[in-house]
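Every chain is numbered from 1, with letters handed out A, B, ... down the list of sequences. Computation of the quantities below employed the complete heavy-atom set of this structure, encompassing side-chain atoms and omitting hydrogens, waters and symmetry-equivalent molecules.
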Amino acid sequence: MALTQQQPTLRQPSAALFVRLKLRVLANNMRGKSWRIALFVLGLAVGLWWAASAFFLLAAPGFTDNVDAAVLASALGGGLLVLGWALLPLVFFGVDETLDPARFALLPLRRRTLVTGLVAAAMIGVPALAAVVATSGLVIAAALLGGWVAAVVQAVGTVAGLILCIVASRAVTSAFATMLRSRRVRDMAAILLACVAALIGPVQIGVVALLENADWQRLLGPARVIGWTPLAAPYTMGIDVAAGRAWAVPLKLLITAATVAALLWWWSRTLESAMLGAESAGPAKAAAATSDSAVDQLFPRSMPWLPRNRYGALAAREARYWWRDARRRAGLITFAVIGVVMPVMVNVSSGGLSGSTSPVMISLTMVFVGVIGAASLANQFGYDGSAYAANVVAGVPGAVELRARLMAFTTYLGPLLLVIAAIVAAFLREPADIGLMLGSLGAAYGSGLAINLFVSLHGAYALPETSNPFAINAGSGVAKSLLSILGLIGATAVAIPIVVVTALVGGAPVWLWLAAPAGIAYGVAAAWLATYVVGDMLDRQMPELLQAVSPNR
Amino acid sequence: MVKRFDAKVAVAGVNLDVPAGSFYGLLGPNGAGKTTTLSMAVGLLRPDAGTAWVLGHDVWSDPVRAKALLGVLPDGVRLFDRLSGAELLAYHGLLRGMDPAVVDQRARELLDVLALADAGRTLVVDYSAGMKKKIGLACALLHAPRLVVLDEPFEAVDPVSAARIRDILHRYVTGGGTVIFSSHVMEVVERLCTHVAIMAEGTIKRVGTLDEVRGERSLEDVFVEVVGGRTATGEELAWL
């Protein structure tokens, strides 16, 4: 089919139009919903509070007239900021897709127009505002150290740095979204994500080292090197002028520009496939018919213990969803990486000085891992979206529903937690502590499940129906972080008895043996109790829950 | 039944009496409140006032019995679409407390009749719009309900599939079942229904058997008159 005609020259919209569109969407999202306004204000306050502390920290070297400290602050601060922008959306917050690129697929927009427009629109938001406020501390430092020339150069660098941050976060999330959607590369994506998350490790070591040994001179060398990488190149320009290295400025500008250009190119490549992906989920795979009966197909072969009834069907469906739904899979994979890296880092770095790790520290980190693991369920009904209507229409009893969901999730998390305990024990060379680890994990995971059942019912919110597993709505970003933090605190509080007991009896051999059965029994009891209590609430609130998780159409 | 959303009254007092064994069409323009009404009737949306009865069971105070008699195909609601067709049917069947052997047998029959067996293990998310409607209908019929409530069952369905769905529903009503469905396609309603209700702005404007409602005229004329559509003058959109 070909439709040819003399095309009138189309005027491409300016970036300002995208910015206005984003502001309008944000405003409309909040119209008439006071709790959303409250959440937005809260998010703004928290963001600005962080930004203000960072501002003073970065500006401090200017007041103490210390050029070396300014180099450290700009290189390390800038590097952390860019790294955080690129990686944190993958792990925690999700990227703000208020303007979903897929919505623009049918409009006659050049790719360049679309990309500049989306970048401009991405600058509107609390994270970008906080980044600007924080890094303007460096402008003050540069001004105090090197006069107005340094300040102007630093201001240019700060703006360039913001653009770098935004483009990096878009490119990384967009690329990962495309990867995770395709099943063939999902294993590769998992490995890549593991590498990315492992990058957080060295940074963590650096920060810990920075705090523990105040030998600033030793860090100056690495900081200078970081200042020449794209991570901190834009943020160190003004300080360079102040230090008498004005020749570095054009080079660093070039580094930044080249990085931004490369990231933009990468983003626009993945953006195109993300837009296409939204229109058709790809060609239907040549799906071989099987001779299995319908019921046999539903139940995974790896879960032969599930009964062939309502409970079994719910658990089997959930188990399939934890792997087939890209959003849930992304959550599982990131948890697998964090769960291994985090406790190893904390225990190794805290035990590295004293020689051996204390049982309380081991117990605490394991509680943290268990609680984080269970936090994946905080919006479990939101993952279902309007599909949850099927369960409402069938009138599934709440307790059965919740028990099946916990069962399916634990089928994945249980072995994972075992592996984490084994890896950490191997790293610490303390095989005797594995009982304590399992006990802490079991208690924390069970308490986390119990608390998150409450959260998932009372704090359920709709996720946008997009193919990007990291996407969340602008308004719910704050709500999401707030709820997960509340869930984490609550779950830790419920699980704390096991840490207290560990602190009281210390490394007594009896406790090393008793910790595993006691902790796991505690966790199972907490989760079991919660399925009854929350199940009862769910029975009375099914239609309201469905409303909460259905995206507004 | 009454439902308000914030300041907007979506359904302002609807009272429908659907006789058992009837083929009931709920007609109305977009935004008339059809989906809201049907959602309240099947227990998906809590009404602000009023209730719904299914063959003597109150949907809102005795949901277990009422829902066992109901089959529902909601509109604009996703299925658990990361399952294959067969898996989805098995899930719905077991969720309704059916025997696994019966589920297997009925699922195979339904997939064959609705020409979905060829899709094999393709996930429902990769189905076309028409195929999604058909698998949704299969899920609604699987447990042999006494009443099926279908929201826009013919939207986005190709003519061949639509004909097949009509046949199935016709046979179901002949066998004693009751069907309520919403639509804004007059031809379908005129061909299938025994009873019709026309809804606009959250209230029922006309109700009765098909012949009572349309009288001597065509259903479309009655509908446009009731709803109050405008007639084109031929002046507007001259640039098109």
Using heavy-atom distances under 4.5 Å, tell me whether S39(B) contacts chain A through its side chain, its backbone, both, or neither. neither
Under 4.5 Å from any heavy atom of chain A, what part of L79(B) do you find: side chain, backbone, both or neither? backbone
Using a 6.0 Å cut-off, check whether atom NE2 of H170(B) has over 12 heavy atoms from anything other than its own residue. no
Using only atom types and a distance under 3.5 Å, with no angle test, would you say the side chain of R308(A) pairs donor to acceptor with the backbone of P100(B)? no
After noting the C-alpha distance and the side-chain angles of L83(B) and L298(A), does the key distance pass the side-chain contact (heavy atoms from CB on, under 4.5 Å) rule? CA-CA 8 Å; L83(B) 301 177; L298(A) 175 65; 4.3 Å; yes
Measuring heavy-atom distances to chain B, does V396(A) have an atom under 4.5 Å in its side chain, in its backbone, in both, or in neither? side chain
Measure L546(A) against the heavy atoms of chain B and call it side chain, backbone, both or neither at under 4.5 Å. side chain
Top residue by heavy-atom pair count (under 4.5 Å) with chain B, among G312(A), A390(A), A316(A), P397(A)? A390(A)
Top contributor to chain B interface from R310(A), R320(A), R317(A) [non-hydrogen pairs under 4.5 Å]: R317(A)
For R46(B) and P543(A), work out which heavy atoms get closest and say how close. NH2-CD, 3.8 Å
Quick check on D99(B) against chain A: is it the side chain, the backbone, both or neither that has a heavy atom closer than 4.5 Å? neither
Which answer fits H143(B), side chain, backbone, both or neither, if we ask what part of it has an atom under 4.5 Å from a heavy atom of chain A? neither
The test is side-chain contact (heavy atoms from CB on, under 4.5 Å); show your working for R121(B) and Q297(A) and say whether it passes. CA-CA 9 Å; R121(B) 306 209 65 160; Q297(A) 285 180 44; 4.0 Å; yes
So what's closer than 4.5 Å to chain A heavy atoms on L95(B): side chain, backbone, both or neither? both
Specify which of L44(B), L111(B), V72(B), L70(B) makes the most heavy-atom pairs with chain A at under 4.5 Å. L44(B)
Which atom names give the shortest non-hydrogen contact between A294(A) and D104(B), and what distance separates them? N-OD1, 3.2 Å
Where do L94(B) and A313(A) come nearest, in terms of heavy atoms and distance? CB-CB, 3.5 Å
I'd like to know which of K67(B), Q105(B), M98(B) tops the heavy-atom pair count under 4.5 Å against chain A. K67(B)
Between R82(B) and Y321(A), which heavy-atom pair has the shortest distance, and what is it? N-OH, 3.0 Å
At a heavy-atom separation under 4.5 Å, does Y388(A) approach chain B through its side chain, its backbone, both, or neither? backbone
